[in-house]
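I have placed the structure first, in the form of structure tokens, so that the comments after it can refer back to it.
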Amino acid sequence: MRKVVYGAACSLDGFIAGADGSIDWLHFSDDVNKVMTEYFSATDTLVMGRKTWEVAAALAPAGGASEPSPMQTYVFSRTLKRIDQPGVQLVTGDAGGFMRGLKKQKGKNIIVLGGGDFARSLFEADVIDEVGLNIHPIVLGSGVPFFLDAKRRIKLALTRCRQLSGECVLLDYRVKHSRTSSKH
């Protein structure tokens with residue numbers, strides 16, 4: 001069965017962007033590029049909420065919106081009416097149920113982009129299988145949180161811990177799914 005991986009670079013105090021949405025504090029290096037290549041080589045599907053989609057669409061190069069993505073992309077929203085981009089599908093229904101169905105399909109891993117409310121809904125539905133963090137040596141004080149209250153404790157098992165250049169630390173965890181959740 002496919003795995004759902006939630007990961008991002010974050011500050012030591014758990015933010016994936018500053019209060020103004022800034023990411024100018026992120027450290028990019030050959031180490032980070034290797035990690036990203038590793039994650040994306042095992043992935044064929046991206047999922048994200050509306051807010052992350054809007055940021056990604058705004059950052060896309062001019063004219064790039066009509067070019068299909070090499071990965072299937074799903075955007076979850078209760079407010080968007082449509083998305084006009086090849087390879088991107090709008091999902092307006094239950095995110096947890098959709099993700100359970102997606103996990104049963106043939107394919108590679110599924111990466112959750114962004115954070116906040118969308119990731120919380122997937123944690124609540126117990127469909128996230130792995131969590132990856134690239135922790136940066138900065139305390140932002142406020143911003144867009146990596147985690148929001150999932151209304152329960154989520155137990156994790158450390159699978160990798162590695163120092164990256166720029167004094168960053170890469171942590172990967174496997175989610176220990178609750179026994180009361182539906183099959184994964």
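If you read the sequence from its start, that first residue is 1, and numbering goes on from there.
- L171 has its side chain within reach of V169: a pair of non-hydrogen atoms, C-beta onward, lies under 4.5 Å apart.
- Residues in residues 158-173 take part in these salt bridge (charged side-chain N to carboxylate O under 4.0 Å, His left out) pairs, two or more places apart or across chains: D31-R162, E38-R160, R160-D172.
- Here the shortest heavy-atom pairing between L90 and S77 reads CD1-CB, 4.0 Å.
- The closest side-chain heavy-atom distance from K51 to D117 is below 4.5 Å.
- Distance check, rounded to the nearest 0.5 Å: CH2 of W25 to NE2 of H136 gives 6.0 Å.
- Using a 4.5 Å cut-off on side-chain heavy atoms (C-beta onward), T45 and I111 make no contact.
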Steps toward side chain to side chain contact (heavy atoms under 4.5 Å, CB included) verdict (Y173, T159) = CA-CA 5 Å; Y173 291 93; T159 59; 5.7 Å; no
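- Minimum heavy-atom separation, I23 to A17: CG2-CB, 4.2 Å.
- Residues G97 and D94 come closest through the heavy atom pair N-OD2, 2.6 Å.
- The two atoms that bring I16 and A8 nearest to each other are CG2-CB, 3.9 Å, heavy atoms only.
- Taking CZ of R120 as the start and OH of Y6 as the end, the distance is 11.0 Å to the nearest 0.5 Å.
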Could you go through the side chain to side chain contact (heavy atoms under 4.5 Å, CB included) check for Q89 and Q72 one step at a time?
-> CA-CA 8 Å; Q89 181 178 332; Q72 177 61 51; 4.0 Å; yes
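- Across K151, K103, R152, a single residue satisfies salt bridge (charged side-chain N to carboxylate O under 4.0 Å, His left out) together with D126, and that is R152.
- Each of L102, V4, V75, L113 was checked for a side chain to side chain contact (heavy atoms under 4.5 Å, CB included) with V47, and the lone residue meeting it is L102.
- Nearest heavy atoms, S41 versus K108: O-NZ, 3.1 Å.
- Inter-residue side-chain proximity for V175 and L156 is flagged as met; some heavy-atom pair is nearer than 4.5 Å.
- Here the side chains of L46 and Y74 are not in contact, with every heavy-atom distance at 4.5 Å or above.
- Here the straight-line distance linking atom SG of C10 with atom CD1 of I135 works out to 5.0 Å at 0.5 Å rounding.
- Tested against F123, the residues D149, V131, L148 include a single side chain to side chain contact (heavy atoms under 4.5 Å, CB included) partner, V131.
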Please step through side chain to side chain contact (heavy atoms under 4.5 Å, CB included) for the pair T52 and F118, ending with a clear verdict.
-> CA-CA 9 Å; T52 300; F118 178 59; over 6 Å; no
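- Expressed to the nearest 0.5 Å, how far CZ of F76 lies from CE of M99 amounts to 5.5 Å.
- Ion pairing between a basic and an acidic side chain is recognised when a charged N comes within 4.0 Å of a carboxylate O; R174 and E130 show no such pairing.
- Between the R2 side chain and the T43 main chain, no donor and acceptor come within less than 3.5 Å of each other.
- With ring centers used as reference points, F146 lies 6.0 Å or more from F15.
- In this structure, OG1 in T73 is found 7.0 Å from CH2 in W53, a value given to the nearest 0.5 Å.
- Around CG of N33, the count of heavy atoms belonging to other residues, nucleotides or ligands within 6.0 Å exceeds 12.
- Nearest heavy-atom pair, N134 versus C168, reported as atom, atom and distance to 0.1 Å: OD1-CB, 3.2 Å.
- With values rounded to the nearest 0.5 angstrom, I128 atom CD1 is found 5.0 Å from L122 atom CG.
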Going through the distances and angles, do S165 and H27 end up as a side chain to side chain contact (heavy atoms under 4.5 Å, CB included)?
-> CA-CA 8 Å; S165 67; H27 174 76; 3.6 Å; yes
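- Under 3.5 Å, the side chains of D129 and H177 contain a donor-acceptor pair of N or O atoms.
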